[in-house]
Amino acid sequence: MLNGKIFIKTFGCQMNEYDSNRIYDSVSKLGFIKTTNQSNADCYILNTCHIRDKAKEKVYHEIGRVKKLYRDKKKPIMVVAGCVAQAENEEMVKREPYIDIILGPQSYHKVNELLKNHIANLKQEETEFDTISKFGYFDQIKNNDNKISAFLTIQEGCDKFCHFCVVPYTRGPEYSRPFNTIISEAEQLIENGAKEITLLGQNVNAYSYKENFKEFRISNLIKHLDQFSELERIRYTTSHPRDMTDDLIDCYSYSNKLMPFVHLPIQSGSNKMLELMNRKHTVDDYLKVYERLKKINAEIEFSSDFIIGYPGETQKDFEDTLELIKKIKFINSFSFIFSPRPGTKAAKLEMIEKNIAKERLTLIQEELFNNQIEINKSLENITINVLVENKMEKQNKLFGRNKYISPVIFDGNENLIGKVVKVKVQTSNQNTLFGLLDKKMEAA
Ligand code: SAM
Ligand code: SF4
Ligand code: F3S
């Protein structure tokens, strides 16, 4: 049975996507084969996210769906992985006996052992914080991801403890992987065909690895990746305003591969709210980073994350956030109503009225979406560089992204996948640009 099919359904951030791929790499050593058919698997993994809303309830709902899918079939080995698994651990098995294995994000190096033990008939729960052996284990296993745009986790966990956030509890303390192991994994990804690498971390720019009295920062990684001739583009996410150090900002002055797009969450445009959230930076700190980056390269654009309706947010605080959005003109952003997370400081605070929070979210999103529409519109009739990622499944078209990570859809031959081509934008909507391939490029 160890050579069965395995299906992973992934929720949450890019780090979960990276983890799911590494789990596939690990279980393939046992003989498991990845399947994209969720109703025909011998092992079904839910890789969960705990950041907002009714995360736990969503997992039980998903398991209910899997139960239905397999009603007339052999039950798959049911694994709950990810941040909900870490937060809820054994509670979940008690409530839902259909679950066979609970696997926290710091225990993925134990997945093969747990599957083997399960087949030998033991219920399993593994949610210890053991990040070092996790990465130590995965360093021994080749990364088989063969996407044109690949993720590479360099840092995990968080020591900042923003009062609203569950990440320090689900991902544990900050840990930075050794410099050399990241570089050799990048080499594997490039060998597999990657043309773009996105360095990942919950606080990716807090990356700090010390060896022989020398500190390696994310700027050192970028500098090194910059030299790989087969690599076209470098990105990183998610960065924290406090860790935008001079050496990182300076990378934009010499790296041609570092894309001029910074995802830099601020959460609120009000200093009072930032303090209540325990963000440890002010609006002014943020604006200084913005200005320094713009000075180095005026082409750099920003996106951000916003939490609306955090306890204590007044109309004035909200207007300050709107003001900031008008000033910076973020080219895309994530905005959500505050969602109290169990175990965090903010969970005990008095919530502001739901209707007010909803109204504010609508206004914020109107502003953010209008920016997005405007920026996409301004690219119409302009020829842009696009890294072609794949052929679209349902349409006979190519899919790629511009330097600002916006999706671009256009007609073209499959042999352009993996190349940077020129596309003249014809039309656009809020999220996507539609264009025509530059004919000279097609001939190339
Ligand atoms: N480390 C990054 C930073 O501090 O900028 C953010 C990482 S967090 C996984 C992604 C985003 O989720 C945050 O920027 C925040 O906007 C949002 N988020 C986290 N906790 C939340 C909560 N309780 N309610 C609503 N949004 C939340
Ligand atoms: Fe969460 Fe704050 Fe850490 Fe970001 S910095 S992961 S928002 S605690
Ligand atoms: Fe979600 Fe965990 Fe990522 S809570 S956002 S999957 S770090």
Side-chain angles (χ1 to χ4, degrees), residues 8-20 46-56 58-59 80-88 103-106 108 127 129 131 151 153 155-175 200-207 236-244 262-269 273-281 285-286 289 302-311 313 321 330 333-349 351-352 357 360-361 364 368:
I8 308 183
K9 185 160 183 177
T10 308
F11 298 86
C13 62
Q14 292 104 323
M15 297 195 63
N16 262 12
E17 266 185 60
Y18 172 85
D19 288 342
S20 291
L46 281 177
N47 193 0
T48 61
C49 171
H50 205 234
I51 204 81
R52 272 179 297 268
D53 307 323
K54 301 180 178 79
K56 195 169 55 171
K58 267 191 214 155
V59 176
V80 178
C83 292
V84 179
Q86 184 64 46
E88 298 295 323
L103 189 60
Q106 275 68 29
Y108 293 155
T127 52
F129 283 126
T131 333
F151 292 140
T153 292
Q155 178 278 344
E156 184 156 37
C158 180
D159 295 335
K160 294 196 170 65
F161 290 91
C162 300
H163 286 170
F164 52 80
C165 184
V166 84
V167 168
Y169 308 97
T170 61
R171 293 277 174 166
E174 271 178 20
Y175 167 75
L200 297 181
Q202 268 92 22
N203 280 275
V204 74
N205 55 347
Y207 176 81
Y236 60 91
T237 198
T238 297
S239 38
H240 191 282
R242 252 178 53 143
D243 297 311
M244 288 302 293
V262 186
H263 179 62
L264 194 61
I266 185 165
Q267 317 300 350
S268 169
M273 296 314 298
L274 293 179
E275 195 167 343
L276 286 177
M277 290 175 177
N278 194 32
R279 281 294 287 180
K280 304 188 183 90
H281 63 81
D285 296 333
Y286 190 93
V289 171
F302 291 73
S303 75
S304 198
D305 293 347
F306 296 93
I307 296 183
I308 306 303
Y310 187 78
E313 185 189 77
T321 304
F330 297 97
S333 287
F334 299 100
S335 48
F336 291 96
I337 291 177
F338 165 66
S339 163
R341 309 315 294 133
T344 60
K345 280 215 170 158
K348 298 183 204 93
L349 302 175
M351 295 278 284
I352 75 161
R360 288 180 185 167
L361 183 73
I364 287 276
L368 290 167

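Numbers here are sequence positions counted from 1. Every number for a ligand or one of its atoms is a count from 1 in the order of the listing.
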Practice prompt. Considering non-hydrogen atoms only, spot the tightest contact between Gln86 and Tyr169 and give its length.
Written response: CG-O, 4.0 Å
Discussion item. Please list, in number order, the atoms of ligand 1 under 4.0 Å from a heavy atom of Arg52.
Written reply: 12 (O), 17 (C), 18 (N), 24 (N), 25 (C), 26 (N), 27 (C)
Worksheet item: Hey, is Cys83 touching ligand 3 through its side chain, its backbone, both or neither, going by heavy atoms under 4.0 Å?
Response: side chain
Worksheet item: Hey, is the main chain of Ser20 close enough, under 3.5 Å, to the side chain of Thr10 for a donor-acceptor pair?
Response: no
Worksheet entry | Taking atom 22 (C) of ligand 1 as the reference point, the nearest protein heavy atom with its distance | Ser339 O, 3.6 Å
Worksheet item: Between Thr238 and ligand 2, which part of the residue brings a heavy atom under 4.0 Å of the ligand: side chain, backbone, both or neither?
Response: neither
Worksheet item: Looking only at protein heavy atoms, which one is nearest to atom 1 (Fe) of ligand 2, and how far off is it?
Response: Cys165 SG, 2.3 Å
Worksheet, complete the sentence: Here the atoms of ligand 3 under 4.0 Å from any heavy atom belonging to Gln202 are 7 (S)
Worksheet item: Counting only heavy atoms not in Phe161, do more than 12 sit closer than 6.0 Å to its CZ atom?
Response: yes
Practice prompt. Taking only heavy atoms of Phe164 into account, list the atoms of ligand 2 that are under 4.0 Å away from them.
Written response: 7 (S)
Discussion item. Please check this pair: side chain of Asn205 against backbone of His240, looking for a donor-acceptor N/O pair closer than 3.5 Å.
Written reply: yes
Fill in: Atoms of ligand 2 close to Val167 [distance to a heavy atom under 4.0 angstrom, numbered from 1]
6 (S)
Item to complete: May I ask you to test the Tyr310-Leu349 pair for a side-chain heavy-atom distance under 4.5 Å?
Response: yes
Worksheet item: Has Ile337 got any heavy atom lying under 4.0 angstrom from an atom of ligand 1?
Response: yes
Worksheet item: Is Gln155 reaching over with its side chain to a backbone N or O of Asn203, donor-acceptor style, under 3.5 angstrom?
Response: yes
Worksheet item: So, does Asn278 use its side chain to make a donor-acceptor pair with the main chain of His163 at under 3.5 Å?
Response: no
Discussion item. At a threshold of 2.8 Å, where the distance has to be below it, does atom 3 (Fe) of ligand 2 have an N, O or S atom of Cys158 nearby?
Written reply: yes
Fill in: atom 1 (N) of ligand 1: the protein heavy-atom neighbour that sits closest, reported with distance to 0.1 Å
Gln202 O, 2.7 Å
Worksheet item: Ring centres of Phe306 and Phe330 under 6.0 Å apart?
Response: yes
Discussion item. Quick check: Arg279 and ligand 1, any N/O pair under 3.5 Å apart?
Written reply: yes
Practice prompt. Please write down residue, atom name and distance for the protein heavy atom closest to atom 10 (C) of ligand 1.
Written response: Asp305 OD2, 3.7 Å
Discussion item. Students should be able to answer this: which protein heavy-atom is nearest to atom 4 (S) of ligand 3, and at what distance?
Written reply: His50 N, 3.2 Å
Worksheet item: For ligand 1, is there an atom lying under 4.0 Å from some heavy atom of Lys160?
Response: no
Worksheet item: Any donor and acceptor pair, going by atom type alone, linking the side chain of Tyr108 with main-chain N or O of Gly82 inside 3.5 Å?
Response: yes
Worksheet item: So, does Ser239 use its side chain to make a donor-acceptor pair with the main chain of His263 at under 3.5 Å?
Response: yes
Worksheet item: In terms of side-chain geometry, is the basic nitrogen of Asp305 or Arg52 positioned less than 4.0 Å from the acidic oxygen of its partner?
Response: no
Worksheet item: Applying a 4.0 Å heavy-atom criterion (strictly less than), which segment of Pro265 is in contact with ligand 2: side chain, backbone, both, or neither?
Response: neither
Worksheet item: With a 4.5 Å heavy-atom cut-off, do Arg279 and Phe164 have their side chains touching?
Response: yes
Fill in: Short N-O contact, Asp243 and Lys160, less than 4.0 angstrom
yes
Worksheet entry | Under 3.5 Å donor-acceptor, Gln202 side chain and Glu156 backbone | no
Practice prompt. Considering the heavy atoms of Asn16, write down every atom of ligand 3 situated less than 4.0 Å from one of them.
Written response: 6 (S)
Worksheet, complete the sentence: among protein heavy atoms, the one nearest atom 27 (C) of ligand 1 is Ile307 CD1, 3.7 Å
Discussion item. Show me which atoms of ligand 3 lie under 4.0 Å from any heavy atom of Cys49.
Written reply: 1 (Fe), 4 (S), 5 (S), 6 (S)
Worksheet item: Can you list the ligand 1 atoms lying under 4.0 Å from a non-hydrogen atom of His240?
Response: 4 (O)
Worksheet entry | N/O separation below 3.5 Å, Phe164 to ligand 1 | yes
Fill in: Sub-4.5 Å side-chain heavy-atom contact between Ser335 and Leu368
yes
Worksheet entry | Closest protein heavy atom to atom 3 (Fe) of ligand 3, given as residue, atom name and distance to 0.1 Å | Cys13 SG, 2.4 Å
Worksheet item: Considering only heavy atoms of Arg341, which atoms of ligand 1 have at least one such atom less than 4.0 Å away?
Response: 23 (N)
Worksheet item: With respect to atom 4 (Fe) of ligand 2, which of Lys160, Arg171, Arg279 exhibits the smallest heavy-atom separation?
Response: Arg279
Practice prompt. Return yes when Arg171 approaches ligand 3 closer than 4.0 angstrom through a heavy atom, no otherwise.
Written response: yes
Response to the item:
atom 8 (S) of ligand 2 sits nearest the protein heavy atom Cys162 N, 3.3 Å
Worksheet item: Would you say Tyr286's side chain and Leu264's backbone share a donor-acceptor pair under 3.5 angstrom?
Response: yes
Worksheet item: Of the backbone atoms (N, CA, C, O) and the side-chain heavy atoms from C-beta on, which set of Arg242 has a member under 4.0 Å from an atom of ligand 1: side chain, backbone, both, or neither?
Response: neither
Worksheet item: Counting from 1, what ligand 2 atoms have a heavy atom of Pro168 closer than 4.0 Å?
Response: 8 (S)
Worksheet, complete the sentence: of all protein heavy atoms, closest to atom 9 (C) of ligand 1 is Ile51 CD1, 3.6 Å
Practice prompt. Without swapping roles, check the side chain of Arg360 against the backbone of Glu313 for a donor-acceptor pair under 3.5 Å.
Written response: yes
Worksheet item: In the protein, what heavy atom is nearest to atom 6 (C) of ligand 1, and what distance, to one decimal place, separates them?
Response: Thr238 CG2, 4.1 Å
Practice prompt. Kindly confirm whether atom 2 (Fe) of ligand 2 is within less than 2.8 Å of some N/O/S atom in His240?
Written response: no
Discussion item. Test your reading of the model: is there a side-chain donor-acceptor pair from Arg341 to the backbone of Ile51, 3.5 Å cut-off?
Written reply: yes
Discussion item. Counting non-hydrogen protein atoms only, what is the nearest one to atom 15 (C) of ligand 1? Give residue, atom name and distance.
Written reply: Gln267 OE1, 3.4 Å
Fill in: Subset of ligand 2 atoms that lie under 4.0 Å from at least one heavy atom of Asn203
3 (Fe), 5 (S)
Worksheet entry | Side-chain heavy-atom pair Asp53, Phe336 within 4.5 angstrom cut-off | no
Practice prompt. Just let me know how Phe161 lines up against ligand 2, side chain, backbone, both or neither, with a heavy-atom cut-off below 4.0 Å.
Written response: backbone
